[in-house]
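Fair warning: this is a prediction, and the values are worked out from it, not measured in the lab. All values below were derived from every heavy atom in this structure, side-chain atoms included, with hydrogens, water molecules and symmetry-related copies excluded.
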Amino acid sequence: MSGTERESMPAAAGAIIRVDNVSYDYRSGEHVSRGVRNVSLTVDRGEFVVLLGHNGSGKSTLAKLLNGFVVPDEGTVTVEGIDTRDNDRIYELRAKVGMVFQNADNQMVASVIENDIAFGPENLGVPREEIEKRITWALDAVNMSEHRKRSPNKLSGGQKQRIAIAAILAMYPEVLILDESTAMLDPKGRAEIMETILRLNKEKGLTVILITHYMDEAIGADRIFVMNEGSVILEGTPREVFSSTDKIAEAKLELPVASKISAELRRAGLDIPFALTDEELAEGLCRLK
């Protein structure tokens with residue numbers, strides 16, 4: 001499949017990921033610590049899903065379960081019908097579900113960017129001519145084509161993360177998981193990454209699962225899953241989730257700034273709609289008499 005063909009692929013409907021009653025614990029000798037407990041959910045093809053939770057809530061463990069980095073103690077995880085415990089199909093699974101981690105430097109394997117992008121497809125046995133097309137397509141997708149011949153060491157943090165995303169995209173995954181991928185970036189770098197993944201999701205139909213503790217990054221999601229102590233305690237659209245202020249507090253999370261302000265004003269007796277964004281908040285304040 002060429003880069004042009006990949007770019008024009010329509011997104012098919014239906015669940016691409018199914019998690020059925022999954023539990024997983026970390027074991028070190030006799031010590032056992034909870035990872036996730038009795039989690040069930042689905043992710044539809046082309047969705048932008050956000051996993052929210054405080055440190056230790058289980059969201060990163062769940063992400064690793066989705067591409068077979070770890071396998072369930074109980075329950076099943078399937079990606080397009082592939083059981084993540086099927087060792088005979090693990091490379092097929094990893095090609096379908098790509099993951100970008102917090103520190104982009106840890107994912108760089110070459111001293112020249114185009115060679116870094118080529119690494120994944122090479123390991124999948126993709127012919128060299130096709131790899132060249134994939135490099136071009138992936139760098140175009142993250143707006144980094146002009147840096148193709150540069151060293152990753154010359155890039156900013158946000159640019160490095162975009163290259164890390166391109167390296168995964170070059171393997172043509174069905175799902176892109178970003179595990180706290182903006183946590184080490186400044187606001188400008190965070191904005192670059194969010195613009196990139198939102199565009200890939202909306203324009204290319206890529207299924208995106210974003211793990212974050214930044215509430216503002218979750219506002220544009222199709223659905224949010226809130227995790228606490230290894231379990232999913234809340235699911236819904238951003239408006240549904242952030243309107244559930246008690247559950248958000250239970251999960252030890254903060255509301256987005258606009259939501260927090262509007263909620264406080266409502267508690268103070270002002271007739272103002274619950275706001276997700278600064279624009280909604282401003283509009284609500286302007287309507288007050």
Point to revise | Heavy atoms from other residues, nucleotides or ligands near CZ of Arg150 exceed 12 (cutoff 6.0 Å) | key: yes
**Study point:** Side-chain H-bond candidate by donor/acceptor type, Glu217 with Thr182, under 3.5 Å
**Key:** yes
Exercise for review: Nearest 0.5 Å please: distance from the CG atom of Asn201 over to the OG1 atom of Thr207.
Suggested key: 7.5 Å
Check your understanding: Can you hop from Ile197 to Met99 via hydrophobic side chains spaced under 4.5 Å?
Key -> no
**Study point:** Summary of ring-ring contact (aromatic ring centres under 6.0 Å, His included) pairs that have at least one residue in residues 20-58, sequence neighbours excluded
**Key:** Tyr24-Tyr26
Exercise for review: Flag the pair Asp186 and Lys188 as a salt bridge only when some basic side-chain nitrogen lies within less than 4.0 angstrom of an acidic carboxylate oxygen.
Suggested key: no
Side-chain donor-acceptor contacts of residues 231-242 below 3.5 Å, not counting sequence neighbours, with atom names and distances?
from, atom 1, to, atom 2, distance (Å)
Ser231, OG, Arg37, O, 3.3
Glu235, OE2, Arg223, NH1, 2.8
Thr237, OG1, Glu240, N, 3.2
Thr237, OG1, Glu240, OE1, 3.4
Arg239, NH1, Glu280, OE1, 3.4
Arg239, NH2, Glu280, OE1, 3.4
Arg239, NH2, Glu280, OE2, 2.7
Glu240, OE1, Thr237, N, 2.9

Review point. Does a side-chain N-to-carboxylate-O contact under 4.0 Å join Glu130 and Arg134?
Key: yes
Check your understanding: For Phe274, does the CZ atom sit with more than 12 other heavy atoms under 6.0 Å from it, leaving out its own atoms?
Key -> yes
Point to revise | Under 3.5 Å donor-acceptor, Ser40 side chain and Asp20 backbone | key: no
**Study point:** Nearest heavy atoms of Pro72 and Leu65, plus distance in Å
**Key:** N-CD2, 3.6 Å
Check your understanding: Are the charged groups of Arg266 and Asp271 less than 4.0 angstrom apart, N to O?
Key -> no
Exercise for review: Assess whether salt bridge (Lys or Arg N to Asp or Glu O under 4.0 Å) is satisfied between Arg27 and Asp73, documenting all intermediate values.
Suggested key: CA-CA 11 Å; Arg27 291 175 172 82; Asp73 296 327; 3.2 Å; yes
Point to revise | Residue Glu254 excluded, over 12 heavy atoms near CD under 6.0 Å | key: no
Practice item. Can you run down the ring-ring contact (aromatic ring centres under 6.0 Å, His included) pairs that involve residues 211-241, sequence neighbours left out, and say none if there aren't any? Key: none
Check your understanding: Between the side chains of Ser57 and Asn228, does any donor sit under 3.5 Å from an acceptor?
Key -> no
Check your understanding: Taking 4.0 angstrom as the limit, do Arg148 and Asp116 come out as a salt bridge?
Key -> no
